[in-house]
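What follows is one structure encoded as structure tokens, with my remarks underneath.
In this text, all values refer to a predicted model and were calculated from it rather than measured experimentally.
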Amino acid sequence: MGCCGSTERTKREWKPLEDRSCTDLPWFLLFTVFCVGMGSICGFTIATGGAGRLVFGYDSYGNTCGQRNEQIEGVRLSGLDQTDKKYVFFLDPCNIDIVQRKIKSMALCVSLCPDEELKTYQDLKRFAMHNGSELCSYELAGHKYPSLPERFDKCPKLPVPPSKSLPVFNRCTPVDISCYAKFAEAVVTFVSDNSVLHRLIGGVIASKEIIVGLCLLALVLSMILMLIIRYISAVLVWILTAMVVLGSLAGTSILWWLYIDHRLTANKTLSKETAETTETKDAKEEAEMTRDNAQALLVYAIAATVFTVILLLLMLFMRKRVALTIALFHVAGKVFIHLPLLTLQPFCTFLALLLFWMYWGLVLLFLGTTGNPVQNEETGLTEFRLTGTLQYMTWYHAVGLIWISEFILACQQMTVAGAVVTYYYTRDKTRLPVTPILSSVLRLMRYHLGTVAKGSFIITLVKIPRLMLMYVHNQLKGKENAFARCMLKTCICCLWCLEKCLNYLNQNAYAATAINSTSFCTSARDAFVILVENALRVAAINAVGDFVLFLGKILIVTSTAFAGVLLLNYQRDYAEWVLPLIIVCLFAFLVAHCFLSIFEIVVDVLFLCFAIDTKYNDGTPGKEFYMDKALMEFVENSRKLERVVERGRSRPTEAVSVEGPEMKPMAPGTSSA
């Protein structure tokens with residue numbers, strides 16, 4: 001299970017798509033046991049009544065509505081038969097605790113929700129007599145409501161708004177949700193004028209068809225960009241390179257020009273001062289300030305010059321690697337043409353994550369109504385809380401959210417890697433499997449679930465402490481000193497960087513597993529060796545490639561926003577544009593990020609395959625390349641350039657060897673003979 005002590009051979013013999021076998025089986029068993037534990041938590045909440053209390057509701061005395069209940073020791077009015085009372089009614093539904101995000105009102109089980117406004121206690125009495133639904137506490141008789149002194153504390157707050165029950169959860173909800181709107185306005189603290197909030201919401205409601213259409217447009221643009229990016233990547237890369245070089249040269253030139261201008265001004269001022277016999281204090285200060293400014297500009301100009309020289313040298317030495325990035329983008333575009341189902345991967349992953357998050361959230365709600373009955377000292381109401389060792393179920397459930405989410409994302413990476421590896425190492429593309437994506441999924445489920453579980457667990461181990469530190473930082477905001485705040489932010493930043501590095505290494509480890517069917521640690525070690533050997537290429541691909549993909553995201557967002565402005569132009573109230581455009585732009589960026597992240601994975605896997613191919617093959621019989629024609633052209637151009645450089649180096653040596661024999665007869669020893 002560990003990364004050390006592997007009994008596999010140290011010298012790797014890469015055998016693409018051969019000798020397929022199960023990897024990291026202990027980790028698969030461990031992940032299975034963990035998932036069984038997650039399911040057991042759900043079963044526990046159902047068996048102990050937590051799920052029933054959430055769905056059917058319960059009153060403030062611990063009675064579940066719609067069924068018989070057992071007596072709770074120490075809680076009066078518990079153990080009642082509520083078979084005929086299926087709905088939960090809150091005496092003051094607008095009494096909401098904003099901090100805890102819960103209703104603090106007393107809750108009762110009633111047989112019918114009031115469908116009309118009840119303004120007086122006589123109306124409460126009439127409703128109870130006619131419908132048999134008593135809206136005051138159980139110990140109060142319905143026909144005595146108007147005369148009881150307890151009516152002010154144990155009856156609903158007047159007037160009682162008309163309400164109706166929710167479809168599933170059987171809660172009486174006011175038809176007029178004005179109190180909940182006030183709660184929402186209290187949450188939205190950045191809106192000082194409520195009319196602005198109402199106008200924004202009105203703009204969203206009025207533009208809902210346009211918003212849906214723009215979201216679909218962003219989806220279509222993302223899919224189109226994945227197919228055509230191979231044609232525009234070269235233009236984008238060289239435009240970017242030219243802009244960076246010209247920008248640095250222009251900035252350096254401007255700094256030197258400013259320095260020379262200030263220096264000339266300082267010299268003129270100094271010459272005037274020497275010509276005059278008297279010199280004022282202001283003139284001295286002005287001359288000194290001019291000299292200081294010139295000195296500072298000199299420092300800035302020198303620093304900019306050094307930066308520009310380094311940048312030009314990097315561009316000179318990495319121009320071949322930039323060409324490799326363009327070639328990889330070109331081949332990645334071909335991959336999507338041969339494997340069109342890759343475009344569905346973001347949908348499948350999002351659907352899997354959404355289903356899991358829905359299940360996780362539902363079980364979390366079950367946990368909120370599971371446990372032992374406890375009386376709230378502040379309100380006197382009965383609540384159900386997890387106590388003792390049961391409290392650890394919530395932590396277990398929280399870890400499950402991170403690990404299983406990372407597992408689903410890792411399955412996507414392994415699936416994409418397996419399909420790309422199949423494409424790369426199939427020489428005749430006409431012999432590709434009918435559905436390489438489905439074949440990759442089947443290989444993953446049959447052989448490599450343990451590897452994915454191990455890689456996602458490593459990410460979980462880094463993410464949990466980072467999230468805990470972020471929580472501590474938020475809780476101590478404004479209370480801790482500057483040193484503690486700096487240390488917390490430093491730790492959070494370091495863990496974030498470590499997480500990103502491990503994510504990148506994991507992705508390449510999954511690709512190595514897809515190629516050679518090795519365990520996670522062996523694959524991670526082999527991939528790390530390959531990446532270190534091609535460090536400059538990796539840097540160029542990540543720097544240039546990530547920026548090109550970022551430009552693609554910006555292109556999709558700006559195009560969608562521009563289309564939104566054109567479509568929303570019929571609304572003359574421009575304030576109503578804001579929220580719809582923000583929603584559309586956020587959705588467009590999310591969609592573009594999901595699709596282009598798949599493109600990024602494809603490029604990274606192609607590079608790893610290319611690096612392995614060039615390391616262990618040279619194009620000779622028996623060691624033919626697997627790579628695409630575009631990559632083959634890049635290799636040929638690189639070899640031609642290397643031959644030219646070698647010839648240039650060998651010519652001085654040949655010149656020395658030719659001049660040597662001509663100079664030998666001129667030696668003194670030879671002439672005397």
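Residues Tyr359 and Ile404 are not in side-chain contact: their nearest non-hydrogen atoms beyond the backbone lie 4.5 Å or more apart. Counting only heavy atoms from C-beta outward, the side chains of Ile408 and Gln412 never approach each other to under 4.5 Å.
Side chain of Ser222 to main chain of Ala218: a donor-acceptor pair is present (N/O by atom type, distance under 3.5 Å, no hydrogens or angles). Panel note: side chain Trp27, backbone Gly455; no donor-acceptor pair is recorded below 3.5 Å. Between the side chain of Ser517 and the backbone N or O of Arg20 there is no donor-acceptor pair closer than 3.5 Å. Of the possible donor and acceptor atoms, none in the side chain of Arg537 sits under 3.5 Å from a partner among the backbone N and O of Leu531. Put simply, the side chain of Thr343 gets close to the backbone of Pro340: a donor and an acceptor are under 3.5 Å apart. Checked by atom type and distance alone, the side chain of Ser559 never pairs as donor or acceptor with a backbone atom of Ile556 at under 3.5 Å.
Taking the six-membered ring for Trp and thresholds of 30 and 60 degrees, Tyr510 and Phe520 have ring planes inclined between 30 and 60 degrees apart. Tyr423 and His338 have tilted rings, their planes meeting at an angle from 30° to 60° on a 0 to 90° scale. Relative ring orientation between Phe589 and His593 is described as parallel, the plane-to-plane angle staying below 30° on a 0-90° scale split at 30° and 60°. Between Phe607 and Phe610, the ring-plane angle classifies as tilted under the 30° and 60° cut-offs.
The salt bridge (charged side-chain N to carboxylate O under 4.0 Å, His left out) search around Glu624 returns none, not counting sequence neighbours.
At a cut-off of 3.5 Å, with distance as the only test, a side-chain donor of Gln507 or Asp604 sits close to an acceptor on the other residue. Checked by atom type, the side-chain pair Thr518/Ser523 shows a donor-acceptor distance below 3.5 Å. Thr252 and Thr308 form a side-chain donor-acceptor contact under 3.5 Å, judged by distance and modelled atom types alone. Inspection of the Trp403 and Ser456 side chains reveals an N or O donor paired with an N or O acceptor under 3.5 Å.
Around the CZ atom of Phe31, the shell of radius 6.0 Å holds more than 12 heavy atoms that belong to other residues, nucleotides or ligands. Around atom CZ of Phe356, more than 12 heavy atoms belonging to other residues, nucleotides or ligands sit under 6.0 Å away. Other residues, nucleotides and ligands contribute over 12 non-hydrogen atoms within 6.0 Å of the CZ atom of Arg427.
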